[in-house]
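A short write-up of the structure that comes next.
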Amino acid sequence: MAADKVDPIHQFHINKLIPIEIGGYDLSFTNSALFMVATVVVAAAFLFLTTSSRSLVPGRLQSVSEMAYEFVGNMLRDAAGTQGMKFFPFVFSLFMFVLVANLLGLFPYFFTVTSHIIVTFGLAALVIGTVVVYGFMKHGLGFLKLFVPHGVPVFLLPLVVLIEVISFVSRPVSLSVRLFANMLAGHITLKVFSGFVVSLSALGAVGVAGSVLPLAMAVALTALELLVAFLQAYVFAVLTCMYLNDALHPGH
Amino acid sequence: MADKNRPDGTGETGRGKQHEAEIRDDDLERRRRDLEASLATRRPDRLEGKDDAKAGSVAGYGQALKLSSEFIAGVVVGAGIGWIIDRLAGTSPWGLIVFLLLGFGAGVLNVMRSAGVVAEFGQGDKSRRDQDDRK
């Protein structure tokens with residue numbers, strides 16, 4: 001019973017809410033899917049409701065929406081230039097999805113969608129797929145110039161190109177691992193320290209007095225996790241912008 | 001900051017000794033120029049270091065996670081590609097060995113690239129031009 005309470009991994013379990021099976025594939029509606037839907041609904045409802053009045057002098061919530069818009073807009077313009085603005089809906093959706101999913105995960109008993117690598121890898125694969133498809137559409141085979149650095153001796157070129165290709169393929173992996181690892185590690189740490197509070201306070205008066213320390217730590221970690229939630233959404237969006245820049249202008 | 005004060009200090013004592021010995025003064029001039037040149041090459045690194053320190057331990061933790069994930073991703077992808085080639089071509093274990101090493105190279109490249117030491121994709125030429133401008 002006590003071990004079950006303090007199990008830090010338990011929060012990442014996926015439960016089937018509505019079992020669905022089509023053609024031998026398990027397409028069940030899980031708690032992860034539920035929170036993805038919740039993320040989309042919360043993000044969309046927030047943006048829709050706060051901008052529906054569209055007053056010239058924005059209210060508090062409207063200015064939050066406008067700040068989010070300008071933040072992502074400036075980020076994209078800085079990284080990929082004005083041509084990159086055609087990707088604005090894509091980057092903005094990604095940023096809002098990751099941000100809202102991270103923030104929702106901070107609520108007790110809520111499931112953190114981004115703590116599963118398959119979700120973050122799906123997002124990263126979407127980014128890199130867009131980069132590759134758009135790069136070949138716009139530049140044709142000229143996109144391959146991305147893998148050929150200037151000023152490399154000819155006899156080293158095959159080796160360098162191979163390494164550049166592996167480096168390019170590793171981008172979605174590192175992008176997804178970074179987001180996933182941050183969320184996973186943060187939530188496990190939080191759970192472990194909260195677990196200390198529970199198990200220490202079961203030891204009587206001395207334990208209750210001692211449990212103040214992990215409690216303070218848990219509070220501090222919650223603040224840190226809030227920062228990490230923002231920071232990781234930002235990092236994800238910035239890197240997306242940088243990769244899109246490669247698709248727009250390969251081999252400057 | 002501390003070594004920024006040092007060249008100024010030596011400069012002042014040099015001016016004081018100017019009347020005594022001109023040979024020593026030439027020597028000092030040369031040494032000052034060398035020092036200035038070496039300081040100029042070091043300045044960007046030091047500024048970056050200062051920014052990191054200012055941002056605090058959270059940013060340092062983020063940086064560490066970023067760099068390690070870059071490196072691990074390179075190695076993992078290299079090993080994965082090698083493994084797939086072995087599966088398809090039946091060249092086991094050579095594909096895995098060669099591509100693990102290449103993946104190691106790609107991981108190091110990723111880390112250096114995200115640390116800003118090496119040029120971005122397809123921009124090797126440009127960054128060199130920038131460095132020339134700085135000199």
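Lettering follows sequence order; numbering is per chain, from 1.
Annotation: A:Phe136, atom CZ; neighbour count of heavy atoms from other residues, nucleotides and ligands within 6.0 Å is above 12. Remark: A:Leu156 CG is packed, more than 12 non-hydrogen atoms of other residues, nucleotides or ligands lying under 6.0 Å away. The environment of A:Leu141 atom CG is sparse: at most 12 non-hydrogen atoms of other residues, nucleotides or ligands sit within 6.0 angstrom. Annotation for A:Met67: atom CE does not count as buried by contact number, only 12 or fewer foreign heavy atoms lying within 6.0 Å. In A:Tyr234, the OH atom is not crowded: 12 or fewer heavy atoms of neighbouring residues, nucleotides or ligands sit closer than 6.0 Å. Within 6.0 Å of CZ in B:Phe104 there are 12 or fewer heavy atoms belonging to other residues, nucleotides or ligands.
Salt-bridge check for A:Arg178 with B:Glu70: passed, with a basic side-chain N closer than 4.0 Å to an acidic carboxylate O.
If you measure heavy-atom distances from B:Leu102 to chain A, the contacts under 4.5 Å come from both the backbone and the side chain.
Contact tally against chain B (heavy-atom pairs below 4.5 Å) for A:Leu162, A:Leu175, A:Val235: the top residue is A:Leu162.
Note that CD of A:Gln232 is 10.5 Å distant from NZ of B:Lys66, once rounded to the nearest 0.5 Å.
The two atoms that bring A:Ile166 and B:Gly74 nearest to each other are CG2-O, 3.9 Å, heavy atoms only. A:Ile163 and B:Gly105 make their closest contact through CG2-C, 4.1 Å (heavy atoms, listed as atom of the first residue, atom of the second, distance).
Side-chain contact, B:Asn110 with A:Ser174: no donor N or O sits under 3.5 Å from an acceptor N or O.
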